[in-house]
Amino acid sequence: MSTGGTLLPPGLQRLLLLPALLTILLFLVVPLGFVLVYSFLTPGTYGGVVWRFSTDAYLQFLFERDLFDDSLTFNPAYLQIYARSFLQAAVATVSCLVVGLPTAYFIATRPPARRQAWLLLVTVPYWVNLLIRTVSMLFLIRDEGPINAALLALGVVDRPLRIAYTDFAIGLGLFYSYLPFMVLPLYAAIERFDFRLVDAAYDLYADRWTILRKVILPVVRPGIVAGCLLVFIPSIGAFIAPDLLGGGRNLMIGNLIALQFQSSRNWPFGSAAAIILLTIVLLALLLFARQQRRLGEARG
Amino acid sequence: MQPRRRCAIGIEGVRKRFGDGDQAVEALAGVTLEIADNAFFTLLGPSGCGKTTLLRLIAGFEQADAGRILLFGEDIGGLPPNRRPVNTVFQHYALFPHMTVAENVAFGLERLGRPRAEIEATVRRMLELVKLGPLAGRRPAQLSGGQQQRVALARALAPHPRVLLLDEPLSALDLKLRREMRVELKQLQEENGITFLFVTHDQEEALTMSDRIAVMSEGRVQQVGSPQEIYDRPRNRFVAEFIGQGNFLPVTIERIEGGTALCRTGFGARLVAPASRELAAGTRAILAIRPERLRLTAPGEAGAALCGRIERLVYVGSDTDCRVRLEGGPVVEVRLRNAGDGVPPAGPGAPVGIAFDPAAARLLPEEG
Ligand SMILES: Nc1ncnc2c1ncn2[C@@H]1O[C@H](COP(=O)(O)OP(=O)(O)O)[C@@H](O)[C@H]1O
Ligand SMILES: [Mg+2]
């Protein structure tokens, strides 16, 4: 049985994968190796690294080293940055889900000819560079921006509403940046959903709420999971939104890492921060996959 | 005649139209039916005649534009599907893909809030009934078409509905399985004492399973009756043509004597058929007769009503289909049993006579 087609003999079929493999090796595995190695080295005075092994970067993540007696005291500042990033990403994911689900449902239930047009509209933001979009958002929400001008003119507020440079602004930015990542997989799942199942459940004495909970959501769950991952993962490491909209005051992981390679000139610490983020994401994915499998087994 | 039974479903002047303006489709153009309790009742008609629409109205998925639907005498028009004590076996089964066979069957019982132990017992009994006990833990995707069909059946039967609606449940199965399932379905219906309203476009299915058949076309009921009545005494040309095969000869009724009409064809043959109340002497009509009711005789034999020449013989196993071109007239089909009795048909071109029992012929109104 041939499933790969007869275009190439079986021996040559792996060649199809070669360009992608080389790209990943060159641009992902090799740099990641550097990052991993750098995180165990000593920072150079003007950036870069000194090739001397050290675990200081990881210690620095949790502890502060006393300049005089070299003792370590617990410092939660960086943990807080991670916790804030996690929270921001979680809020962005949930907001995207809440807004994306009805949107995707609406598009998927239009006549097939019109769905393409709606999908195209969903991707419109990507025609503009993310940086430009984020800066425009800043112009909208800053104290002198049109939103505050309108609120002032209408007399809703008597001082400009503080939106820019807050955690809320960061959340708004993340939500807006990644909403299409939620809508598209949800759309794909709902579009494939067989709505005759709704009739079947309705016929078998289920009310609307039960149909949603017991039939629609479980069947489209792979789409929900894909959407959540696609929003959560880039959100937790996001750089542009927190940098521009948060005004660099409330750091997120992305800013922390960028800082280390720029003004702080502590490449090992920046590398360690990146490795820690990567580990957290991988662990979360692993736990998630394991739970999915267990759920599948419990059912099957 | 069957004894008069309680009416399970009453359909009174039901109309349903989809869309509006130029694109409006009249799916049901005034349907009135009475379906007796415990009956195996079949809606038979070509694709697009409104069968599914009628089922969906009874199940509650659509609202009628006019007319009433009664369930055991009670108007159920206002109830949503989840409050109607009827269940449906859907055309493409619509099994829940994320649930096991057992979970699918338990779904309705759980919604009704039955106790756990009762649900488990019922599910087990249902799966045994459809011979799927060992597959209780499988997912629908791991089942064959026939097995999925049985799960759909068990799922719809489990809450013990008063009426089971079946929308072409066998159409996706292969012929052999379809034949087996016909017998099983009929048995299930008789053993469970549930009214089955069965939809099909397959006349053989309808004839073999049903207590009564309603033949539909273009949103209207053309005839209601037992399988024999529908087959032997079709009321119009549509019914006669849709069920089984037929020869249709245009005739003029010359005289009516007692219960017998003397007719004359356009090509000069004289035929006799039972008179019909609606058709007076002097009117034009269609004389319908089934191919298997015709016999071949020696040419010019006394009993032969028609004569012609054999045009083609088609062997179909148990029978031979014989096309005969009548002298100065159309072609008729004669179906001969291959049982070795009777005159073996000669080859193409041979002159033959055709005889039939006048009681087997039907006079139908001229239009369709
Ligand atoms: N939801 C609908 N919207 C528009 N037209 C419909 C709808 N459902 C059925 N129809 C039309 O009504 C007619 C009857 O359809 P249906 O009841 O499905 O026929 P059947 O089941 O006998 O094949 C068809 O012409 C069909 O196109
Ligand atoms: Mg149909």
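In what follows, chains are A, B, ... by sequence order, proteins preceding strands, each numbered from 1. Atoms considered below: every heavy atom in the structure, side chains included; atoms not considered: hydrogens, waters and symmetry mates.
- Shown here for A:Tyr205 and B:Gly108, the closest heavy-atom pair between the two residues is CD1-O, 3.9 Å.
- Proximity to chain A (any heavy atom under 4.5 Å) is shown, for B:Phe96, by both the backbone and the side chain.
- Salt-bridge formation is detected for the pair A:Asp199/B:Arg56: a Lys NZ or Arg NE/NH1/NH2 atom is positioned less than 4.0 Å from an Asp or Glu carboxylate oxygen.
- With rounding to the nearest 0.5 angstrom, the CG atom of B:Leu109 is 9.0 Å from the CG atom of A:Leu204.
- Not one N or O on the side chain of B:His92 forms a donor-acceptor pair closer than 3.5 Å with the backbone of A:Arg196.
- The greatest number of non-hydrogen atom pairs below 4.5 Å with chain A, out of B:Asn87, B:Leu95, B:Thr88, is found for B:Asn87.
- Neither the backbone nor the side chain of B:Arg138 comes within contact range of chain A; no heavy atoms are under 4.5 Å apart.
- In this structure, the side chains of B:Pro97 and A:Leu197 come closer than 4.5 Å at one or more pairs of heavy atoms.
- Atom CZ of B:Arg83 has 12 or fewer heavy atoms from other residues, nucleotides or ligands within 6.0 Å.
- Within a 6.0 Å sphere centred on CG of B:Asp20, other residues, nucleotides and ligands contribute 12 heavy atoms or fewer.
- Within a 6.0 Å radius of CZ in A:Arg110, other residues, nucleotides and ligands contribute more than 12 heavy atoms.
- A:Asp203 has its side chain within reach of B:Phe61: a pair of non-hydrogen atoms, C-beta onward, lies under 4.5 Å apart.
- Within 6.0 Å of the CZ atom in A:Phe86, the count of heavy atoms belonging to other residues, nucleotides or ligands does not exceed 12.
- Of all heavy-atom pairs between B:His98 and A:Val219, the closest is ND1-CG2, 3.2 Å.
- Within a 6.0 Å sphere centred on CD of B:Glu191, other residues, nucleotides and ligands contribute more than 12 heavy atoms.
- Nearest heavy atoms, B:Ala94 versus A:Ala200: O-CB, 3.7 Å.
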